[in-house]
Each structure stands twice: as structure tokens, then as C-alpha cells.
Q: 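Let me give you the structure first, and then I'll get to my questions.
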Amino acid sequence: MNYAQHEHHDFLGASNQALADPPLQAALTRLTDTLMAGNRKGYAALADSSALRDHAKRIKEHTLAHLDRYLEQLEASVQKLGGRVHWAATADDARRIIVTIAQQAGCQNAVKSKSMTSEEIHLNGALEKAGVRVTETDFGEFIIQLAGERPSHLVAPAVHHTRESVARVLSQHLGQPLPDDPKSLALAGRRVLREEFRRADLGISGVNFAVAETGSIVLITNEGNGRLTTTCPRVHVALMGIEKVIPRMRDLPVFLKLLARGATGQTLSVYTTMITGPKRPGEQDGPDEFHLVILDNGRSRVLATPFRESLQCIRCGACLNACPVYRRIGGHAYGGVYSGPIGSILTPLYDSVTLNPHLPHASSLCGACQAACPVKINIPHMLIGLRALQHQHGQGGHGGRHRGRWESWAYRLWSVVLRRPWLYRLALRGARLALRRWDQDGWLTRLPGPGASWTALRDFPAPAALSFRQRWKKDLE
Amino acid sequence: MQTRDTILHQVRLAVTEGNRLQPAPPLPERGRIGYQGAADAVERFCSELTAAGGHPFVTPDRDAAVQRIRDIMQRHQARKIALGCGGVIEDLDVANRLRGDGVDMTPMDALAAPRFREAMFAADIGISNVAYLIAETGSVVMATAPNEPRSLSLLPPVHIALAHVEQILPDLFDLFDLYSPVADLAKPAAPPPSCLTLITGPSKTGDIELKLVTGVHGPGELHVILIGSQ
Amino acid sequence: MITCLGDALFPDVGVATVKLLRRLGVGVDFPESQTCCGQPHFNSGFHHDARALAKHTIHAFAKSPLVVTPSGSCAAMVKLEYPELFHHDPVWHGRAEDLARRTHELSDFLVNVLGKVDVGARYPARATYHMACHLRGLGITTEPLRLLENVAGLELVPLERHDECCGFGGSFAVRYPAISGAMVNDKAGFVEKTGAEVVVATDAGCLMNIGGCLRRRGGKVRIMHLAEVLAQQ
Ligand code: SF4
């Protein structure tokens with residue numbers, strides 16, 4: 001199975017299907033008034049949030065520029081406190097490492113707190129195959145797991161569900177009908193999952209940040225499942241991508257101040273937990289074993305390229321909420337583990353540029369993502385960079401090689417014309433004459449060629465009888 | 001070991017290669033950017049905690065503090081209380097003053113491992129001390145230690161945290177500077193505890209139609225009783 | 001700078017811009033060798049072609065002390081992308097930075113260079129304002145609104161999600177008509193809900209997209225460029 005990809009699916013089909021799905025559209029519209037509005041309110045409430053976001057970005061830039069050093073420091077700090085560090089070059093390595101840890105410690109019941117990195121390596125299947133029961137404990141993830149689906153949002157994995165569909169899924173699991181109000185559904189979830197925590201002997205978590213200086217890993221949740229996962233079972237395995245390290249404890253609050261504000265508008269998420277090694281002597285709870293799995297899985301390859309900036313992502317989901325395209329087609333249409341604007345960068349980069357032809361193009365480059373991002377990642381730029389990369393692979397947006405070549409010739413020709421004003425004037429006149437027969441008081445209702453997909457939904461302004469440059473000559477000069 | 005070295009080697013090459021494309025900036029120092037320390041820390045703490053859905057209660061009067069605990073217990077008809085040790089809990093003599101109330105009180109230092117776990121899963125209310133409070137965010141900070149277990153503020157459906165107003169830090173930065181002081185202050189860094197948790201309000205989920213529901217995994221109610229001088 | 005879309009499709013916008021600037025005492029010239037800033041090429045990932053067009057444009061405006069364009073997207077291209085494009089070419093990088101410094105989007109020029117929010121315009125109508133995406137990148141969030149607020153007789157009504165993209169995005173609108181269509185239909189719906197007679201924007205792309213959609217929906221709302229409103233007296 002491949003990195004960031006579940007399937008190489010039909011983007012156009014999936015997005016059209018999403019557009020024609022009223023409950024999904026209603027769910028996505030809700031994002032605008034809740035999380036997206038929260039993002040703006042959150043930044044506005046922090047006096048110098050823009051300067052702090054620049055500062056956070058600089059910390060990430062610095063860390064990535066010395067990543068080898070900070071990873072070694074992190075490893076040493078974790079080991080000093082009795083934690084074990086494992087290195088995984090690929091998803092396969094990571095799965096094998098975690099299965100081995102479970103087997104050696106004799107674990108049979110695993111609870112997981114939400115981790116996109118574990119989705120990326122498709123961990124659950126590997127554990128189940130080795131005879132370890134796995135339960136997702138983030139309420140949204142739990143629903144997704146019961147429904148046999150995959151997350152459609154970085155921080156709100158079940159955002160595509162309605163209360164009715166959640167009630168259906170949970171009722172079926174419990175074998176008793178549940179009312180469909182959110183409160184009783186959540187409390188039913190609490191009861192079921194409490195039993196899982198009581199029984200669990202293995203806790204698997206992701207890592208929001210790892211502090212090189214102290215060897216602490218940071219987990220952020222609103223529900224508290226991250227805390228339960230790292231408190232109840234006797235073994236804790238934390239899985240992180242190499243880009244999650246930050247240098248010092250005092251750099252951490254810079255991100256904490258931005259993460260929740262950017263993601264939901266909260267001042268801080270409900271639970272921010274810093275775990276430094278396993279349980280210490282005399283303490284009554286906490287895991288006996290602490291394992292940190294450090295995953296590369298293609299990240300070092302990206303680190304060497306102009307796409308390095310994508311490794312600054314702290315997976316807050318703000319760019320998804322801000323994106324007008326995501327809010328029309330939802331997360332599943334993207335086909336990858338990561339969706340939305342950042343997913344459109346990660347999936348082609350880590351999976352394949354050629355097999356994901358649509359993602360870099362399915363954006364109007366409106367920049368709402370960058371404006372919302374706590375570390376101001378220039379997502380539009382990277383999308384454009386990926387488009388350029390596609391041309392190097394001799395491929396256009398879609399329709400394969402043939403169309404790609406045609407397109408690149410068209411742009412070349414266009415640029416040749418544009419650099420010769422006399423040719424440009426001639427072309428303009430030609431276009432006006434050619435389009436005149438569709439002109440209805442200044443608008444075209446039909447266009448030939450690729451323009452047809454414009455006029456399928458809206459009219460197109462007809463070229464004016466006199467261009468600006470003609471009128472300049474005539475009246476203004 | 002071999003994978004480790006391969007990965008680190010690759011990262012080193014990638015760092016060098018990527019640094020050629022964009023220069024490596026130095027690790028920036030923060031200065032005052034983003035510092036939110038306000039004049040009235042107690043007031044800020046209470047308003048932030050309230051906004052996060054928690055219940056602050058400030059009193060100079062110890063009897064009022066104990067009475068507040070009793071009210072919460074009665075409202076929930078709590079039978080089983082998990083009780084922390086030392087600190088404000090001992091100052092207020094909570095164990096003895098609530099003993100007459102007909103509840104089953106389990107102080108943390110009295111339990112061996114297997115019974116501890118069961119008591120924690122069964123408790124109706126957890127009463128704990130805190131390490132610090134953060135005014136900026138309305139958070140209570142729990143530092144794990146012997147007799148300060150993680151479960152106390154996590155497993156029972158109601159959490160009551162007791163603190164002195166002097167424990168309030170104005171800003172998140174102030175907390176993390178304790179563990180990672182700015183070099184020129186020449187203060188030694190405190191080693192972080194095995195688990196340091198910032199709690200900001202009751203447990204919440206928005207996973208069903210983005211509607212906030214409290215108490216999904218952690219406590220559904222958070223009370224912070226602050227013993228103040230005013 | 002009146003670039004390709006404005007030249008061919010919306011010449012009135014250019015004419016209004018010239019008249020407005022002259023009314024405010026600014027001398028205006030139009031170097032005729034200009035054509036297109038190269039943004040379509042750049043956005044589609046044809047950096048080589050974009051660089052050639054950038055050089056052409058830098059050349060065309062070599063002698064202009066200040067460049068004003070009634071297009072946020074051209075201004076963004078020149079100000080934000082040109083220097084980037086010549087990252088590794090010290091000579092052209094310098095020239096690009098120089099042009100970037102001299103270039104201003106119209107509302108930015110009026111408010112922040114001329115220091116005017118009241119340009120003496122009068123236009124009695126009920127209007128609403130859509131914020132073009134490229135203004136976000138340029139950090140121009142309030143200037144057009146402040147100019148509109150000072151137009152005599154103009155009643156400005158707020159637009160729901162006024163800064164959400166209208167779904168134009170150049171080739172995006174043609175490649176993904178369904179997604180782009182959903183976006184522009186929402187936008188047109190919000191515009192119609194305001195009850196305004198006119199929707200004002202600062203970019204040809206938004207105007208053709210929103211205007212084309214409004215017309216197809218059969219509504220009566222007109223589209224106007226900010227310059228056209230400000231030129232009215
Ligand atoms: S790209 Fe930025 S906004 Fe998007 S998830 Fe990553 S950090 Fe958040």
C-alpha cells in the first residue's frame with residue numbers, strides 16, 4: 001500500500017458526487033460558521049498574532065534546516081529518561097516495529113488516540129492481522145472506524161456525518177436504538193470506550209510536537225482520549241514524523257498559542273499533555289514502557305526540495321476550513337489520507353505527481369489557506385510548483401500526456417503572441433470577429449472548445465468593440 | 001541501529017541540499033511577541049476559564065471553600081470521592097472536614113496499585129491540587145508525581161481543583177520558561193515531570209455536526225476553587 | 001497598466017481609471033508595448049513563459065515612475081511573484097524588485113499613496129462589494145470599502161462571505177466547472193440576497209465570473225469595477 005494514498009480514484013467523479021449530496025453540503029457549510037469563524041476570531045483576539053505566526057514559522061524553518069541535529073538530541077533526551085527510540089524509514093518499517101513492540105510486551109487490546117501519521121502508515125490493519133484488537137478512541141475516529149470509512153478532515157474526522165448517521169452507526173454497534181441528539185450519542189460513546197480503556201494494555205498515540213531539549217512529546221486533544229490512552233495501558237507507543245521535533249520547551253507555547261486559535265478559535269485546546277518518559281518510581285499510574293517511533297517515509301526526500309515548507313505543517317486543519325473548494329467537495333474527494341489544500345500538496349509529493357493529476361489544479365489559488373495557516377505556509381505557491389513539476393513529467397492537469405503537451409504548446413504560443421504587441425492586436429481582432437456570432441448584448445452564452453465548460457454554467461463577456469488600447473489612441477492620449 | 005544511521009544520513013544530506021535552496025535562519029528569540037500577561041491575573045483566569053466552560057470560585061474564606069466542595073458533592077449525589085494529598089487539600093483539611101458527610105473518601109496515599117485503579121474508575125468526583133494556573137488561557141496545570149496521579153483529574157466525571165491565587169502565572173510563556181529558561185536569566189531548568197497536563201475547561205467533542213458536547217472522555221465538569229487574599 | 005483581460009473585455013474600466021486619475025491631477029500615460037503580466041502562465045506552472053512575459057512587462061514600464069493598475073491580480077503578480085521568478089538572476093531580480101516597488105493596485109494607490117479616501121465621486125445606487133482574492137495577498141482589505149463609503153449617494157450594503165473566492169481562478173473555472181460553478185452560484189446568491197443593484201469588485205476575473213453567473217441566473221444586478229464607480233460624478 002502506498003504512502004498518502006488510499007486509492008487512485010476519480011477526482012472528478014468523486015467531487016461531482018459530493019456536490020450532489022445535500023447532507024454533506026450542509027455539513028460542510030457548517031464549517032464556515034464554526035471553525036472558520038473561530039479561526040478569525042482566534043487570531044483577532046491575540047494582539048500580535050501575525051508576528052507570532054511569523055515567529056512560529058521561523059522556529060520551524062530553523063529546525064528543518066538543522067533537522068539531523070535536533071533528531072539526535074531528541075533521541076538522546078528520550079533515552080536518558082528510560083524511553084526507547086525506534087527509527088522507521090518506511091511505513092512498512094513502522095508497522096513492523098509497532099507490531100513487534102505489541103508482541104514482545106504481550107499486548108492484546110490497543111487503544112488509539114487520533115493520529116494522522118498512523119493513518120498514513122495504515123497501522124490498524126497490521127495490528128489486527130497480528131491478533132491485536134484496535135479501538136480508535138477519538139469520538140469522531142471511533143465513528144469512522146465503526147462505519148468502515150476513513151477520516152474526511154484533519155481534526156474533525158467525521159465532519160461528513162450527520163447526527164442521524166452517527167446514531168445509526170452507534171446503535172448498530174451497541175445493538176440497541178439510540179436517540180439522535182449529540183449529547184446522548186457522545187455519552188453512549190463514553191460508556192463503550194471507557195470499557196476499552198479499562199481493558200487496554202497498549203496505548204498508541206501520535207505526536208503533535210516533540211521537544212528535543214527534554215525528550216517530551218506533546219499531545220493535544222479536546223476530549224481527553226489522548227490522556228486516557230497514555231494513562232491506562234501499561235505500554236505507550238508514540239508515532240511521529242521526523243518533522244514534528246522542535247528545539248526547546250520555551251518554543252512550545254508559541255505553537256500552543258496558535259494551534260487551537262487557528263484550528264477552532266479556542267484559546268487553548270482542553271487538554272495539552274507533555275509526556276516525558278515512562279512512569280517514574282512511586283507514581284501510581286502511567287505506562288511502564290514508553291516507545292517513540294520516528295518515521296521518515298519520504299519526508300527526508302521532500303526536505304531536500306523547494307517543497308520543504310510543507311514540512312512546517314502542524315496539521316491543524318485551518319486550511320481545510322478556510323478553503324472554498326474543500327467546503328464544496330469534502331475530504332473524501334481528495335482521495336488521500338490528508339485532504340484539503342495541504343493534502344493537495346502532500347498526496348502528489350509523497351504518493352506520485354503523475355498519478356494524482358488533479359490535486360494541484362483543483363484550487364482557485366485564492367490564498368484563503370495561507371491566510372488561515374498558523375505558520376503561514378504558502379500553499380498556493382507550492383500548488384503552482386507542483387503544476388510545474390507535472391509539466392516536467394510531460395503531463396497536463398488531466399487527460400494524460402497528450403493533453404499535457406497540447407496545453408504546454410498553447411501556453412507557449414500565447415506567450416509568444418503576448419510578447420509581440422502587433423501580433424497581440426491582431427489576435428484580439430481575430431477573436432472578436434470569431435466570437436461575434438454568439439454575442440447577445442455584450443455577453444456570450446456559448447463558447448467553443450474548452451470555453452464550453454465556462455458557458456455551461458455562466459455567460460462570458462464578449463470582447464468589446466473597441467479595445468482599451470484603441471480607445472486610448474482615439475480619445476485619451 | 002542501521003536504519004537509524006541511514007535515516008539520519010539521509011536527513012543530513014537533505015538538510016544540506018535544501019539549505020542551498022533557502023538559507024537557514026537562526027533560532028529566533030521571542031522577546032515580548034505574543035505575551036498576554038494582563039494586569040489582573042485572577043480576573044483574567046476566571047473569565048477565560050468561564051469561557052472554556054469551567055467554573056471558577058474565588059474566596060478568601062476556607063470554610064466557604066469547603067462548603068463549595070460540599071455543594072458540588074451534594075448536587076451530584078456523589079458517593080465516592082478520590083482525594084489528592086498535601087498542598088491546599090491538606091491546608092483545608094478536606095479529608096477530615098468532609099468525613100462526616102457520609103461519602104466514601106479515598107486519599108491517594110492510602111492505595112496500592114490494583115485497588116488504586118478500581119477506585120479511580122469508580123470515583124464520582126476527583127479532588128486535586130494543581131501545580132500552577134495560567135491566567136491567559138484559564139488553564140490549570142497538573143504535574144504528575146507520587147500521590148499526584150494522572151487519573152485524579154481524568155477518570156472521575158467531575159474534577160475539583162484546589163489552588164492558591166499565588167499559583168497563577170500570567171501567560172503560557174511563563175510556565176514553559178520554568179522548564180526552559182532564557183539563557184541570560186541563568187536560572188536552572190526544572191526537569192519536566194513524567195506528565196504535565198494543561199486542562200482548559202471540561203472535556204469536549206464537536207464530532208457530531210460540530211455541536212459542542214461536554215464530558216465525552218474526561219470530566220464533564222471542572223471546578224476551580226481559588227483561595228485568595230481579597 | 002491595463003492588461004489583457006481589461007484591455008479586451010472591459011475597456012471601460014481602463015477608460016474610467018484614466019479619467020479618475022486625471023481628475024485627481026495625476027498625469028497618465030499608457031505604454032503601448034504592454035500586453036499581459038504573465039500570471040496565467042505562472043499560475044499554470046509555465047514558469048519559463050511567465051519569465052519571458054515578466055521581462056517584456058518590466059521592459060514596457062522601464063520609464064514609468066509609478067505604475068497603477070485597476071487589477072489586484074496583475075498587481076499581485078508584479079509585486080509578489082516577479083521578484084520570486086528571478087530569484088537566481090541578480091540583474092533581473094533587481095529590475096523586478098524595482099518595478100514591484102513602483103507598482104500599485106488602484107485602491108492602494110488612491111488611499112495609501114495619494115492619501116485620498118474621498119475622490120469626489122457621486123453615484124446614487126444601492127451597492128455591495130466583493131473582495132477579490134488577490135487583495136488578500138496584497139494586504140488590501142479595507143481600502144476599496146473606505147473609498148466606496150465616501151461616494152456620495154452610494155448606499156453600501158454588506159455582502160455575506162464577501163471575501164470568499166468567487167470561483168474564478170483562471171484555468172480552474174474551465175477545468176473544474178462543477179466546483180467553480182458551485183462557488184460562483186453561492187456568490188451570486190449572496191449578492192442577490194443583499195438587494196443591491198450593483199456589485200462592485202476590483203478585478204476583471206471576478207467581474208466576468210460573477211457577472212456571467214448573475215446574467216445566466218436572470219437577475220438584474222449589474223457588475224461594476226471600483227474604478228467605474230469612482231469615476232462617476
Ligand atoms: S498547512 Fe497550515 S493550516 Fe493547513 S493543516 Fe498545516 S498548519 Fe494547518
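Each chain gets a letter, A, B and so on, in the order the sequences are listed, and its residues count up from 1.
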Q: Test side chain to side chain contact (heavy atoms under 4.5 Å, CB included) on A:Trp472 and C:Asp29; report intermediate values, then the result.
A: CA-CA 9 Å; A:Trp472 169 263; C:Asp29 186 28; 3.8 Å; yes
Q: Under 3.5 Å, is there a donor-acceptor pair between the side chain of C:Arg175 and the main chain of A:Ala362?
A: no
Q: A quick test of your reading: do over 12 heavy atoms of other residues, nucleotides or ligands sit less than 6.0 Å from NZ of C:Lys19?
A: no
Q: Which residue out of A:Leu365, A:Leu383, A:Leu386 racks up the most heavy-atom pairs below 4.5 Å with chain C?
A: A:Leu365
Q: Measure the spacing between NE2 of A:His381 and CG of C:Leu80 and express it to the nearest 0.5 Å.
A: 7.5 Å
Q: For the interface with chain C, which of A:Ala322, A:Gly367, A:Ala368 has the highest count of heavy-atom pairs at distances below 4.5 Å?
A: A:Ala368
Q: If you count every heavy atom of other residues, nucleotides or ligands that lies below 6.0 Å from C:His162 atom NE2, does the total exceed 12?
A: yes
Q: For the interface with chain A, which of C:Leu207, C:Val184, C:Asp163, C:Leu214 has the highest count of heavy-atom pairs at distances below 4.5 Å?
A: C:Asp163
Q: Residues in side-chain contact (heavy atoms from CB on, under 4.5 Å) with A:Asp54, at least two apart?
A: A:Ser50, A:Arg58, A:Lys376
Q: Side chain, backbone, both or neither: which part of C:His47 has a non-hydrogen atom closer than 4.5 Å to chain A?
A: side chain
Q: Compare every heavy atom of C:Cys133 with every heavy atom of A:Cys366, then report the nearest pair and how far apart it is.
A: CB-SG, 3.2 Å
Q: Quick check on the interface: out of C:Arg216, C:His48, C:Arg217, C:Glu32, who has the most heavy-atom pairs with chain A under 4.5 Å?
A: C:Arg216
Q: Which residue out of C:Arg22, C:Arg215, C:His56, C:Glu84 racks up the most heavy-atom pairs below 4.5 Å with chain A?
A: C:Arg215
Q: For A:Gln25, does the CD atom have more than 12 heavy-atom neighbours from other residues, nucleotides or ligands under 6.0 Å away?
A: yes
Q: Against chain C, label A:Thr32 side chain, backbone, both or neither, depending on which of its atoms sit under 4.5 Å from a heavy atom there.
A: side chain
Q: Rounded at 0.5 Å granularity, tell me how far OG in A:Ser363 sits from CZ in C:Phe172.
A: 7.0 Å
Q: Could you tell me whether A:His361 and C:Tyr176 have their ring centroids closer than 6.0 angstrom?
A: no
Q: Okay, side chain of A:His391, backbone of C:Ser44: is any donor-acceptor separation there less than 3.5 Å?
A: yes
Q: Looking only at heavy atoms, what is the nearest atom pair of C:Ile179 and A:Leu19, with distance?
A: N-CD1, 3.9 Å
Q: Heavy atoms only: give me the nearest A:Pro324-C:Glu164 pair and the separation to one decimal.
A: CB-CG, 4.1 Å
Q: What pairs of residues pass the salt bridge (Lys or Arg N to Asp or Glu O under 4.0 Å) test when at least one of them lies in residues 218-233 of chain C, not counting sequence neighbours?
A: none
Q: Supply the atom-to-atom distance C:Ile210 CD1 to A:Arg458 CZ, rounded to the nearest 0.5 angstrom.
A: 11.0 Å
Q: Need one label for C:Asn209: side chain, backbone, both or neither, based on atoms under 4.5 Å from any heavy atom in chain A.
A: both
Q: Is the closest basic N to carboxylate O distance between A:Arg327 and C:Asp186 below 4.0 Å?
A: no
Q: Distance check, rounded to the nearest 0.5 Å: C:Arg161 atom CZ versus A:Asp33 atom CG?
A: 7.0 Å
Q: For the interface with chain A, which of C:Gly169, C:Gly45, C:Ser33 has the highest count of heavy-atom pairs at distances below 4.5 Å?
A: C:Gly45
Q: Ignoring hydrogens, what is the shortest heavy-atom contact between C:Arg136 and A:Ala371? Give both atom names and the distance.
A: CD-CB, 3.7 Å
Q: Between C:Ser180 and chain A, with a heavy-atom cut-off of 4.5 Å, which part of the residue counts as in contact: side chain, backbone, both or neither?
A: both
